[in-house]
Protein chains: 2
Amino acid sequence: MAPKMTTSSYAVLALLDLKPWTGYELTHQAQRSLRYAWPKSERLLYSEPKKLVDLGFATTHQEDSGGRTRNVYTITAAGRDALGEWTRTRTQPPRLEIEALLRLLFADHGSREDLLGALDELEMDIGEHHQAIVELMASYLGGGHPFPQRTHLSVLFATFQIEMFKSIERWIEFAREEIDEWSTTQDLGMTPRTETLTRLLAQDQSPVNP
Amino acid sequence: MAPKMTTSSYAVLALLDLKPWTGYELTHQAQRSLRYAWPKSERLLYSEPKKLVDLGFATTHQEDSGGRTRNVYTITAAGRDALGEWTRTRTQPPRLEIEALLRLLFADHGSREDLLGALDELEMDIGEHHQAIVELMASYLGGGHPFPQRTHLSVLFATFQIEMFKSIERWIEFAREEIDEWSTTQDLGMTPRTETLTRLLAQDQSPVNP
DNA sequence: AGGGTCTACTGCAACTTGCAGTACGGGTGA
DNA sequence: TCACCCGTACTGCAAGTTGCAGTAGACCCT
């Protein structure tokens with residue numbers, strides 16, 4: 001049986017269409033550029049190009065660099081065709097895994113400090129990525145984009161990230177203020193404040209300050 | 001070897017702490033309430049409670065309902081202890097999988113229509129969830145929360161979701177307007193408009209209208 | 001009586017991750 | 001100079017997770 005093309009396979013194939021890469025470069029480049037849209041492990045990123053070779057969507061050859069050998073992968077015509085077909089298929093629904101929110105949902109098993117700690121951790125994780133993308137944009141202004149003709153795509157993508165990160169950071173600040181008013185994490189139930197919030201949300205209004 | 005407790009195991013254990021559930025109820029309840037924080041497959045949600053029994057964190061017994069048997073799971077004292085310890089551990093970093101954004105990053109392999117189609121699909125997926133949460137909040141106002149004493153947690157969690165959904169929907173609208181100005185998806189590179197955006201982002205300002 | 005839907009799961013192959021392990025080359029400090 | 005650490009460049013494997021197919025009883029409608 002021929003292996004199946006997954007979304008991850010197409011992601012790697014799309015990178016190969018930009019230029020040939022070694023397995024090592026591919027794993028690092030994919031983790032840098034795709035992390036916020038399609039996060040995948042280094043391990044998988046080493047396996048995907050081999051599958052593409054099996055399917056005839058890429059070729060591989062060994063190259064010498066400083067006495068060491070490494071595998072270089074190049075896209076084939078069939079690979080380009082496959083990419084073109086992929087763009088016409090149905091997109092998978094988004095999927096957000098945020099453990100800090102799971103901690104919030106079950107915060108009544110722990111203390112206020114545990115909950116605030118989980119929010120701090122979320123803030124730090126988001127903050128790192130936020131800072132990285134701002135710096136990346138500054139580097140683009142100096143002509144630092146590795147594929148200059150693709151800058152319009154990277155930048156539109158970056159607006160999504162900045163918008164997301166700012167939005168999450170605003171919510172964290174909001175949540176901290178709410179939690180500061182709580183005496184405990186347990187059994188508060190429908191307090192007057194919670195009722196106000198619920199009423200707003202039921203009218204599709206966000207109580208988070210922009 | 002005893003099986004390992006994953007974040008998913010703790011999520012199920014936290015549900016079991018609310019009340020005993022049957023496997024079937026657990027899978028459906030978890031998919032409803034945890035979908036936006038910790039999305040897991042029905043299949044896994046059937047397996048987790050068995051693991052909890054193996055570890056001594058839950059007990060199981062068969063019950064009769066309409067002639068059919070079903071497995072009812074109940075948390076143990078050891079299970080409650082384990083939950084308490086979990087709240088003090090490090091939270092995993094968030095992980096966002098959004099295939100529509102992958103399509104955007106590699107939109108130069110397809111047409112403007114393909115890209116706009118991917119955004120439409122994202123908008124529809126988000127829209128469904130958005131509407132569902134607004135309706136859920138309306139039902140809470142009528143006293144519809146299954147565990148009323150936990151309403152404050154559910155509602156604070158819901159503010160996150162509403163904020164996220166609105167934010168993504170605003171960005172989609174923004175992205176559509178940008179793409180409408182494009183003649184093609186390919187090789188536009190650093191246009192004057194893209195440079196304006198890049199400059200804003202490099203100053204950590206979002207060009208998306210609130 | 002047959003068909004469809006809901007309840008209530010299990011088995012299995014395939015996808016994905018984390019971690020350990022292998023191995024080479026270059027720079028740095030004692 | 002040589003031990004050690006870091007970066008390059010991967011592979012193997014166990015364990016976590018998903019999707020799909022399959023099983024089977026109960027209930028309802030036509």
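Within every chain, numbering begins at 1; the chains are lettered A, B, ... in the order of the sequence lines, protein sequences first and strands thereafter. Everything numeric here is computed off the predicted structure, so don't read it as measured data.
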| request: For the pair A:Arg150 (side chain) and A:Leu18 (backbone), establish whether a donor and an acceptor sit closer than 3.5 Å, ignoring hydrogens and angles. | output: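 Not confirmed, A:Arg150 side chain does not pair with A:Leu18 backbone.
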
| message | Please check this pair: side chain of A:Thr185 against backbone of A:Gly110, looking for a donor-acceptor N/O pair closer than 3.5 Å. | response |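 Looks like yes, one N/O pair under 3.5 Å.
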
Could you give the [atom1]-to-[atom2] distance, from [X] to [N], as a whole number of Å?
X	N	atom1	atom2	value
A:Gln92	D:dT18	CD	P	13 Å
B:Glu63	C:dA8	CD	C1'	14 Å
B:Gln62	C:dT10	CD	C1'	14 Å
B:Glu42	D:dC20	CD	P	12 Å
A:Glu25	D:dG7	CD	P	17 Å
B:Leu26	C:dT10	CG	P	13 Å
A:Asn71	D:dT11	CG	C1'	11 Å
B:Glu97	D:dT17	CD	P	13 Å

| said: Nearest heavy atom decides the nucleotide; on that basis, is B:Thr22 or A:Glu48 closer to the 5' end of DNA chain C? | reply: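 Going by which nucleotide is closer to the 5' end, it is B:Thr22.
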
| Which residue lies toward the 5' end of DNA chain C, B:Lys50 or B:Arg95, if each is placed at its nearest nucleotide? |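 Per heavy-atom nearest nucleotide, the more 5' residue is B:Lys50.
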
| Hey, does A:Ser47 reach any base, or is it just sugar-phosphate, or nothing, if we go heavy atoms under 4.0 Å? |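 Touches nothing.
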
| message | Counting the atoms with a prime plus P, OP1 and OP2 as sugar-phosphate, which does A:Pro39 contact under 4.0 Å by heavy atoms, base, sugar-phosphate, or nothing? | response |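 Sugar-phosphate contact only - A:Pro39 comes under 4.0 Å of backbone atoms but never of a base.
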
From [options], nucleotide with atom closest to [X] side chain:
X	options	value
B:Leu44	C:dA8, D:dT18, C:dC15	D:dT18
A:Arg70	C:dC15, D:dA9, D:dT18	D:dA9
A:Tyr24	D:dT8, C:dT16, D:dT18	D:dT8
B:Tyr46	D:dC10, C:dT10, D:dT18	C:dT10

| field | Below 4.0 Å: OP1/OP2 of D:dT17 and any side-chain N or O of B:Ser8 | value |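 For B:Ser8, the contact criterion (side-chain N or O under 4.0 Å from OP1 or OP2 of D:dT17) is met.
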
| task | Would you indicate, yes or no, if C:dT16 has its OP1 or OP2 atom less than 4.0 angstrom from a side-chain nitrogen or oxygen of A:Thr6? | result |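 Yes, within the criterion.
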
| request: Indicate the ring-plane relationship of B:Phe147 and B:His145, choosing parallel, tilted or perpendicular according to the 30° and 60° boundaries. | output: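 The rings of B:Phe147 and B:His145 stand perpendicular, inter-plane angle above 60°.
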
| Where does the angle between the aromatic ring planes of B:His152 and A:Trp182 fall among parallel (under 30°), tilted (30 to 60°) and perpendicular (over 60°)? |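 Because their plane-to-plane angle is over 60°, the rings of B:His152 and A:Trp182 count as perpendicular.
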
| query | Only one of A:Gln161, A:Glu163, A:Lys166 forms a side chain to side chain donor-acceptor pair (under 3.5 Å) with B:Ser206, so which one is it? | reply |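 Filter result, single survivor: A:Glu163.
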
| Counting only distance, no hydrogens or angles, is the base of D:dG16 paired donor-acceptor with the side chain of B:Arg43 under 3.5 Å? |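 No such pair is found, so the answer is no.
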
